Amino acid sequence: MERTTCCVVGGGPAGMVLGLLLARAGVEVTVLEKHGDFLRDFRGDTVHPSTLALLEDLGLAERFAALPQRHVHTVQLPIGPDGELFTVGDLSALSGPYNYVAMVPQWDLLNLLADEAAREPSFRLRMNTEATSFLREGGRITGVRYRERTPDGATGELRADLTVACDGRGSLARALPELGLRSFPCPMDAWWFRLPRRESDPQGVVGTAGDRFITAMIDRGDYWQCAVLIPKGADEERRADGLDRFLEEFARVAPWIADREPELKSWDEVKLLDVRIERLRRWHRPGLLCIGDAAHAMSPVFGIGINLAVEDAVAAARHLVEPLREGRVGLGDVRAVQRRRWPTTAMTQAFQRTAHARVIEPLLSGRSPAGKEVRALRLADLLTKAPWLKRAPAYFLAYGAMRERPPAVSLRRPD
């Protein structure tokens with residue numbers, strides 16, 4: 001019978017950070033990742049200051065700095081009738097070395113974490129291994145059944161003192177009725193695609209708004225990672241209008257990319273993301289904990305979903321290291337993780353829902369009262385001119401509502 005102390009389901013940022021922190025503390029941990037590698041086209045390749053500080057705490061800052069990356073210091077939005085760009089988030093106003101968001105291919109970050117964790121004798125990463133169901137015994141989750149995504153499709157069971165679901169919004173745990181999945185109305189879906197970028201273009205993260213769509217263009221150095229928000233369920237209708245029409249509208253609100261329209265040749269290059277805001281009422285049951293997107297699917301608004309998932313993992317490590325080391329992890333320990341992280345999650349989702357209702361839904365429906373534009377213009381002017389206010393949105397983008405510190409026992413520097 002296969003056994004481990006902690007089974008982590010999902011090898012994304014939350015799962016790999018948790019696996020590394022637990023292994024550094026001497027906890028036997030096995031991470032199950034259903035894919036054969038990390039080489040997938042992630043849309044959220046952001047590493048926020050809170051994660052950069054964590055990497056420094058773990059002795060990995062120098063190795064991370066050697067990865068190809070682009071630093072983003074500002075978030076700009078068009079505000080007012082003329083669409084003038086205002087900087088509504090300037091991370092350079094923050095003190096400390098990490099006053100930027102690093103844009104790094106997520107597979108590079110995951111490979112770095114996996115390589116470091118592999119140095120620990122108590123760590124095991126099993127790629128091509130998909131958890132298919134939970135093992136249960138006496139009302140407790142006691143591990144998972146798995147299937148290897150290999151030609152022979154071998155199956156097996158892995159028992160664990162604790163199973164942590166880090167497998168995203170499609171998590172196995174979402175099907176457990178006792179966890180109580182709660183969904184909130186969401187007015188938009190998102191298209192994702194790439195366009196070339198030139199040095200004369202704006203820098204950072206640039207937002208624009210057009211005819212019933214909103215864009216966020218992420219500066220990736222030689223290209224723009226473009227997100228376009230469209231009304232919920234309007235994907236088929238908008239595609240039927242034709243790609244050329246959309247690109248003409250897009251170029252009107254982002255004129256610097258007008259000559260690059262031919263680079264996007266087909267709708268096949270435009271991927272649809274079904275945007276959701278959801279969270280579990282209960283993130284745990286005996287023997288099980290959910291963190292990251294498994295516990296709370298976030299809107300792309302503010303771009304901090306990955307940041308929250310990593311912070312969940314850090315908080316989980318702090319609460320669980322000692323109980324796992326001592327073989328006494330219980331319901332109270334996993335409850336403590338939710339108590340710690342739930343307020344931050346609920347607050348962030350409340351901000352996102354407010355942004356949906358007050359800004360995104362009116363723009364996507366074509367109704368944006370002039371008075372609101374004037375008030376937004378005044379607010380933007382205040383945010384950009386008052387230093388004490390300038391740091392508030394920057395700090396939220398950088399660290400979220402609450403910073404988490406890793407357990408001291410996990411901070412051993414690499415040899």
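Atom set for the values below is all heavy atoms of this structure, side chains included, hydrogens, waters and symmetry mates excluded. Computed from a predicted model, the values in this text were never measured in an experiment.
The pair Glu404-Arg341 counts as a salt bridge, with a side-chain nitrogen and a carboxylate oxygen less than 4.0 angstrom apart. With salt bridges taken as basic N to acidic carboxylate O contacts below 4.0 Å, none links Arg194 and Glu269. Using a cutoff of 4.0 Å between basic side-chain nitrogens and carboxylate oxygens, Lys232 and Asp274 are scored as salt-bridged. The pair Glu248-Arg252 does not count as a salt bridge, with every side-chain nitrogen at least 4.0 angstrom from each carboxylate oxygen. Salt-bridge annotation for Arg260 and Asp201: present, with a side-chain N of the basic residue lying under 4.0 Å from a carboxylate O of the acidic one. Salt-bridge annotation for Glu120 and Arg24: present, with a side-chain N of the basic residue lying under 4.0 Å from a carboxylate O of the acidic one. Between Asp222 and Arg198 no salt bridge is recorded (no basic side-chain N to carboxylate O distance below 4.0 Å).
Within 6.0 Å of CZ in Arg169 there are more than 12 heavy atoms belonging to other residues, nucleotides or ligands. Counting non-hydrogen atoms of neighbouring residues, nucleotides and ligands closer than 6.0 angstrom, the CD atom of Glu178 exceeds 12 such neighbours.
When the options Thr163, Thr30, Asp161 are evaluated for a side-chain hydrogen bond (donor to acceptor under 3.5 Å, both in side chains) with Thr4, the one that passes is Thr30.
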Pair Arg276-Phe184, side-chain contact (heavy atoms from CB on, under 4.5 Å): steps then yes or no: CA-CA 8 Å; Arg276 305 179 199 169; Phe184 299 93; over 6 Å; no
Stepwise side-chain contact (heavy atoms from CB on, under 4.5 Å) test for His356 and Ser299: CA-CA 9 Å; His356 287 180; Ser299 164; 3.0 Å; yes
Steps toward side chain to side chain donor-acceptor pair (under 3.5 Å) verdict (Trp191, Asp235): CA-CA 9 Å; Trp191 285 338; Asp235 174 66; 2.7 Å; yes
Working for side-chain contact (heavy atoms from CB on, under 4.5 Å), residues Arg149 and Thr129: CA-CA 6 Å; Arg149 302 176 77 181; Thr129 305; over 6 Å; no
Derivation of the side-chain contact (heavy atoms from CB on, under 4.5 Å) call for Met298 and Ile277: CA-CA 5 Å; Met298 312 299 291; Ile277 295 187; over 6 Å; no
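Side-chain contact between Glu157 and Val144 is absent, with no heavy atoms from C-beta onward closer than 4.5 Å. At a threshold of 4.5 Å between non-hydrogen side-chain atoms, the residues Val31 and Arg124 do not count as touching.
Evaluation of the side chain to side chain contact (heavy atoms under 4.5 Å, CB included) rule for Ala102 yields Val47, Leu52, Phe64, Gln69, His71, Tyr100, Val104 as partners, not counting sequence neighbours.
In this pair, Phe193 and Phe246 present their aromatic rings perpendicular. The plane angle is above 60°, beyond the 30 to 60° band.
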Side-chain donor-acceptor contacts of residues 10-22 below 3.5 Å, not counting sequence neighbours, with atom names and distances?
none

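Panel note: side chain Asn99, backbone Ser95; no donor-acceptor pair is recorded below 3.5 Å.
Taking the ring axis of Tyr223 as reference, the NZ or CZ atom of Arg197 does not stay both within 45° of it and closer than 6.0 Å to the ring centre. Taking the centre and axis of the six-membered ring of Tyr146, the NZ or CZ atom of Arg126 falls inside the cone set by 45° and 6.0 Å.
When only modelled atom types and interatomic distance are considered, Arg147 and Thr132 share no side-chain donor-acceptor pair under 3.5 Å. Residues Gln349 and Arg279 have side chains that bring a donor and an acceptor to within less than 3.5 angstrom of each other. A donor-acceptor contact closer than 3.5 angstrom links the side chains of Ser50 and Asn307.
Residues His296 and Trp283 place their aromatic rings such that the two centres sit under 6.0 Å apart. In this structure, Tyr98 has its ring center no closer than 6.0 Å to that of Tyr399.
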